[in-house]
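To start, the structure under review is shown below, and the notes come after it.
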Amino acid sequence: MILGVIADDFTGATDVASMLVRAGMHTVQVLGVPDGGLPQADAVVIALKTRTIDPADAVAHSLAALAALRAAGARQIYFKYCSTFDSTPRGNIGPVTDALMAALGTDFTIACPAFPENGRTVFRGHLFVGDVLLSDSGMRHHPLTPMTDASLVRVLQAQTRQAVGLLRHDVLDSGVTAARERITRLRAEGVKIAIADAVSNAHLLTLADACADLPLLTAGSGVALGLPPAYAQRGWFTPNANAATLDRLDGPSAVVSGSCSEATNAQVAQWQAAGRSALHIDPLALHEGRQTADAVLAQATAALTHGPVLVYATAAPESVRAVQAALGVQAAGELVEHALARVAHGLVQSGVRRLVVAGGETSGAVVQALGVQQLRIGAPICPGVPWTQATLPDGGDTVQLALKSGNFGGVDFFAQALQQAGVAL
């Protein structure tokens with residue numbers, strides 16, 4: 001194994017795995033730390049659900065993943081988080097980074113959530129989402145990790161006792177040698193974690209090459225795009241043009257959406273505007289017993305006879321706030337996740353073989369409900385979202401999953417994903 005990745009949520013794991021496969025690395029994603037060791041591959045991505053849990057628990061899970069990757073011989077470790085640097089004032093990006101650095105015995109790493117292809121860029125240490133600062137984007141309304149400060153140096157410094165510095169875009173413009181020299185100076189100045197600018201793929205390629213020999217990288221998925229070329233240049237592996245090939249499957253298809261991001265709200269609206277089947281899950285109705293997951297599942301299963309169906313709890317920010325005020329943030333989230341996971345599991349049991357899932361927390365709940373332990377990574381549907389393939393534990397059926405981060409994809413993403421998989425709409 002060349003690269004071992006620790007991802008803090010399930011969609012983030014498929015996101016980074018997609019970048020590696022796209023560049024020809026044989027990549028396998030596992031869900032949690034398996035008991036029997038890791039599969040053989042150029043890169044293994046361990047998907048955790050640590051983004052919003054207690055920092056101490058996030059650290060413990062991440063260190064367990066690190067131990068498994070090191071035991072499997074990984075040359076380099078990559079801590080993957082969201083391209084919008086999703087975190088709370090307590091973490092978990094800072095605490096997990098600190099723990100991984102200590103365990104690896106390294107005194108320096110980078111932090112770079114940039115993913116220019118999806119509109120996430122870092123300029124002079126500030127994160128932009130499209131044309132606006134992170135603090136002015138829809139992420140300021142995120143129900144679990146509202147991001148109200150675009151200064152990544154300031155955000156990360158609040159989560160760690162280690163000195164946080166900046167590796168600027170103009171240094172990266174000067175090439176790999178200049179970047180390495182700047183890293184050397186930052187280390188001499190006592191900087192332990194450097195926020196790295198990146199406003200283009202060229203910056204990511206330079207950054208990856210300059211940092212390919214560091215024990216630890218922390219980043220979104222963008223930096224992973226540049227690592228396979230850097231590894232190949234070092235003679236560590238030969239890119240494989242067929243790394244993203246998956247099987248062709250027959251059977252019904254469905255979409256399950258729990259994300260309440262602006263992007264996913266637009267995608268749900270587009271699906272409905274096209275006149276396709278859609279069923280809404282209402283958290284308050286679930287709580288009060290006026291709606292049940294089993295009843296929604298029965299409706300969705302019946303709707304499959306007319307084509308793909310969408311089951312969604314996606315809602316506007318004001319509706320989310322009202323539900324959270326009534327039920328509590330954690331309770332509301334768990335209620336929706338359990339209901340959507342129950343529906344997804346039932347749909348797969350009824351024969352659905354291609355399932356699009358929107359939202360990181362929802363994706364984690366769904367794959368756990370399905371009992372999926374390992375994913376083959378296929379071709380991207382859009383930057384950061386690939387189709388994946390898994391063998392189910394009960395009966396050995398094969399299912400393909402598109403696990404979408406809430407903020408990713410264009411307005412017609414659901415239809416685009418299904419059509420790429422050969423589904424007629």
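Atoms considered below: every heavy atom in the structure, side chains included; atoms not considered: hydrogens, waters and symmetry mates. Along the sequence shown, residues carry numbers from 1. Quick caveat: nothing in here was measured; it's all calculated off a predicted structure.
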Gap between atom CG of Leu286 and atom CG of Leu340 - 0.5 Å precision: 8.5 Å
Donor-acceptor contact below 3.5 Å, side chain Thr106 vs main chain Ala102: no
Arg234 bridged to Asp213 by N-O distance under 4.0 Å: yes
Residues Gln162, Asp98; criterion side chain to side chain donor-acceptor pair (under 3.5 Å); working and verdict: CA-CA 8 Å; Gln162 304 192 92; Asp98 290 347; 2.7 Å; yes
Pairing of Glu189 and Arg182 as salt bridge, 4.0 angstrom limit: yes
Between OG1 on residue Thr121 and NE2 on residue His126, distance to nearest 0.5 Å: 12.0 Å
Option passing side-chain contact (heavy atoms from CB on, under 4.5 Å) with Tyr78 (candidates Val223, Thr218, Ile6): Val223
Residue pair Ala341 / Ala365: nearest heavy atoms and the distance that separates them: CB-O, 3.6 Å
Electrostatic pair Arg51-Glu361, nearest N-O below 4.0 angstrom: no
Non-hydrogen side-chain atoms of Ser221 and Lys80 separated by less than 4.5 Å: yes
Steps toward side chain to side chain donor-acceptor pair (under 3.5 Å) verdict (Thr314, Ser257): CA-CA 6 Å; Thr314 301; Ser257 177; 2.6 Å; yes
Thr84-Asp86 side chain donor-acceptor pair, cut-off 3.5 Å: yes
Gln330, CD atom: more than 12 neighbouring heavy atoms under 6.0 Å: no
Plane angle bin for Phe115 and Phe408 - parallel if under 30°, tilted between 30 and 60°, otherwise perpendicular: perpendicular
N-O pairing of Arg187 and Asp107 below 4.0 Å: yes
Pairing of Lys404 and Asp15 as salt bridge, 4.0 angstrom limit: no
Atom pair NE2/CD of His141 and Glu262 - distance to nearest 0.5 Å: 7.0 Å
Polar contact flag, side-chain donor to acceptor under 3.5 angstrom, Ser261-Thr264: yes
Side-chain (Gln291) to main-chain (Asp282) donor-acceptor, under 3.5 angstrom: yes
Non-hydrogen side-chain atoms of Asn92 and Asp8 separated by less than 4.5 Å: no
Asp131, CG atom: more than 12 neighbouring heavy atoms under 6.0 Å: no
Under 3.5 Å: donor-acceptor pair, side chain of Ser135, backbone of Leu133: no
Quiz: residues 374-386 side-chain donor-acceptor pairs under 3.5 angstrom, not counting sequence neighbours:
| from | atom 1 | to | atom 2 | distance (Å) |
| --- | --- | --- | --- | --- |
| Arg376 | NH2 | Thr245 | O | 2.8 |

Atom pair CG/CG of Leu355 and Leu370 - distance to nearest 0.5 Å: 7.0 Å
Selection residues 20-47 - residue pairs positive for side-chain hydrogen bond (donor to acceptor under 3.5 Å, both in side chains), sequence neighbours left out: Arg22-Glu117
Residue pair Gln416 / Gln420, side-chain donor-acceptor N/O under 3.5 Å: no
Inter-residue atom distance Leu403.CG - Thr11.OG1, 0.5 Å rounding: 7.5 Å
Spacing of Ile2 atom CD1 and Leu227 atom CG [to the nearest 0.5 Å]: 10.0 Å
Worked verdict on Asp54 versus Arg90 for salt bridge (charged side-chain N to carboxylate O under 4.0 Å, His left out): CA-CA 9 Å; Asp54 182 81; Arg90 298 178 61 199; 3.5 Å; yes
Donor + acceptor pair across side chains of Tyr312, Gln272 (<3.5 Å): yes
Salt-bridge contact Asp173-Arg168 (side-chain N to carboxylate O under 4.0 Å): no
Contact check, side chains of Met1 and Leu38, non-hydrogen atoms, under 4.5 Å: yes
